[in-house]
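One structure is given below, encoded as structure tokens.
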2 protein chains.
Amino acid sequence: MAVTMNDVARAAGVSLKTVSNVLNNYEFIRPATRQKVLDAIAELGYEANLTARSLRSGKSRMLGLVVSDLSVPYYAELASKLMSAAAARDYRVLVEQSAATRANELAALQGSLSQLTDGLLFIPLVLDADAVAAARRGTKPLVMLGEHIDDPRFDQVTMKNVGAARAVTAHLLAGGRRRIAVIGASPGDRVGSSGLRLAGYREALAEEGIDFDPALTVPAEWRRDGGASAVARLLEGGQPFDAVFGLNDALALGAMHELLLRGIRVPGDAAVAGFDDIDEARFSSPSLTTVAPGMNEIAERSVQLLIDRIEGTEKAAGGVHAEAEFELRIRASAP
Amino acid sequence: MAVTMNDVARAAGVSLKTVSNVLNNYEFIRPATRQKVLDAIAELGYEANLTARSLRSGKSRMLGLVVSDLSVPYYAELASKLMSAAAARDYRVLVEQSAATRANELAALQGSLSQLTDGLLFIPLVLDADAVAAARRGTKPLVMLGEHIDDPRFDQVTMKNVGAARAVTAHLLAGGRRRIAVIGASPGDRVGSSGLRLAGYREALAEEGIDFDPALTVPAEWRRDGGASAVARLLEGGQPFDAVFGLNDALALGAMHELLLRGIRVPGDAAVAGFDDIDEARFSSPSLTTVAPGMNEIAERSVQLLIDRIEGTEKAAGGVHAEAEFELRIRASAP
DNA sequence: CCTGCATTCTGCAACGATGTAGCAGAGAGG
DNA sequence: CCTCTCTGCTACATCGTTGCAGAATGCAGG
């Protein structure tokens, strides 16, 4: 039914392989022959069968993206940018949702997703480095995103969590705030986004000679309702504070919602700052001070790195680590 | 390198074709033979090569999803649900962003996306029905989502735009509001989401015997900043109003932001209602009254319909149209 | 004992592309 | 004049699976 290379070859009066050579930009073809083939292709409306090409060549020009849940705005935005970056290089992205499940993350690394793609962009949430390394021995390229795993064995593109959190905290301190509550971490966190951002917060405090008060560090699910209930617990615990640093924007927005509900003025009584600079941060009332982690750069560099690995351009033996630049966005919630 | 069916056949002491038959649940195989094959598969860790299967069988068990931009929360959520619904039926979804461009929408309908997939879920934004019909003649199944196109030729799953908008408006009217501004439509809109929702608004007004005032209908881009600037224009135009109906939640949230900025109390001075029930609607301050358009049902039914077409279960000659049920969510912005 | 049918399994061709080998002719070098 | 390399093309095998045709067996019916 569909036009095949054979039909084109017959129409152009050349062999099947010559058509293939034209399509693959083989060097030694006479211009006249090339033109005959191109004319036949145009006339018949031929389009290469990607499945057949993929079977024969072992390449699909598809990248896999493993993410917990696309309905989380941060991941959706990142996925969108990754897809655009890939499209610009003539690659497609096949997304798989892991629901932050061990079984699903493992399945994505080993199963049919990696079979269908030339390499994987992976945002791990439950697997640790050893589990990933074990699952992935001798297979296709893998680039890690996010902060859950930080291991020299893997290629990785991250944001500057520590530096950006330090900058946000320093900004709150510069505004005269002295008791800054942190929402979304436990005082003992050392790894992952929460540990890194908490470390940045502590560095900024230390620079100002302020002691770290564990009572101001409130664990919470990184969602809006987590931020709201963390603030509620903080207030009910009677801890005084003059600023809230949500470790992501959803937490900060939820926290701000709860503060306003209880008649606490923002930024008058308490400043609020977040992390991520999602679109909503500009439109909350008051608009949210936050830090943009350089998502465009993360998307660009991770796609570039993965494709370089696939095409053999990047040959570094160990893992390549890249960090995107951040930018502080000062808005009304913490001027 | 990878284990093939041939290796399994050799290990099990049967023919290649018998292995294939086992995998495809062919009826006439002795239990003992089936077991030998399954054992060999388990022992060797064989996994079927999907590319080869796809080339040979012409089926990929992938659905294409054409959407303008995944970073729009509504689309991201819908995509997430579509992917889950597909996964439950052992299908995968390959997403393509059209950026609401005519060329990209056409390319998605005709190009390699449809070649790689067994059918398409399409949320058109610029193509009209005739253009889609022309682009799609004699190819794979296509299910339309959204309201941009409403045509009996196509399979389509939609929300009850008119009914839901009427319900929201009726709720505002029941709360004593009489001058309800509508944001996101032009008074003359008849088609698409804006036209349908505007029609529902007018129906509710008519039921209460209230005249439609075109001055209260303000066009705007369906984004937060669109809602904000529409409210600004409304206020600067001096039109009195006691409620704002944003034709989606982003518009309503942007509008509410602008109202609060200008010291107008919500819901005291003006009630605000939206449409979509995105996650943020629960967490804005005040929380947003809106209508949930039944996105789960839309995702389930559209995936089911598409797969039924692909597998030949659904044989209706014309287009099948389905509408999901909506649910009014009454919150603080318009109690 | 033969025929017919259901059951169980096998072998070959084919899906549509690319890789490898090789052939013929032109020009270069000895 | 004979080899050797480069150019431009063709033929054939191959990627890993499934569709089709058919072989071999057992069993029932006449």
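Everything numeric in this text was worked out from a predicted model, so none of it was measured. Residue numbers start from 1 in every chain, and the chains themselves are labelled A, B, ... in the order their sequence lines are given, proteins ahead of strands.
Of the side-chain N and O atoms in Arg30(B), none sit less than 4.0 angstrom from OP1 or OP2 of dT7(C). Contact check, Arg53(B) against dT18(D): a side-chain N or O comes under 4.0 Å of OP1 or OP2. For the OP1/OP2 pair of dC9(C) and a distance below 4.0 Å, the side-chain nitrogens and oxygens of Thr33(B) include at least one atom meeting the criterion.
Using modelled atom types, one finds a donor on one side chain and an acceptor on the other under 3.5 Å when comparing Ser80(B) with Gln97(A). For the 3.5 Å distance criterion, the side chains of Asn6(B) and Thr4(B) fail to qualify, holding no donor opposite an acceptor.
The nearest whole Å value for the distance from the CG atom in Leu116(B) to the P atom in dA17(C) is 13 Å.
Residues Leu55(B) and Ser15(B) each lie close to DNA chain C; by heavy-atom proximity, the contact nearer the 5' end of the strand is made by Ser15(B). Positionally, the nearest nucleotide of DNA chain D for Arg34(A) lies more toward the 5' end than for the other of Arg34(A) and Thr4(B).
Within 4.0 Å of Ile29(A), counting heavy atoms only, lie sugar-phosphate atoms of the nucleic acid but no base atom.
Residues His321(A) and Asp150(A) meet the side-chain proximity criterion, which asks for heavy atoms closer than 4.5 Å.
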For nucleotides 3-5 of chain C, list the nitrogen or oxygen atoms of the protein found under 3.5 Å from its nitrogen or oxygen atoms, one pair per line.
none

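Within 6.0 Å of the CZ atom in Arg102(A), the count of heavy atoms belonging to other residues, nucleotides or ligands does not exceed 12.
Scanning residues 16-26 of chain B for heavy-atom distances under 4.0 Å to DNA chain C yields Lys17(B), Thr18(B), Asn21(B), Tyr26(B).
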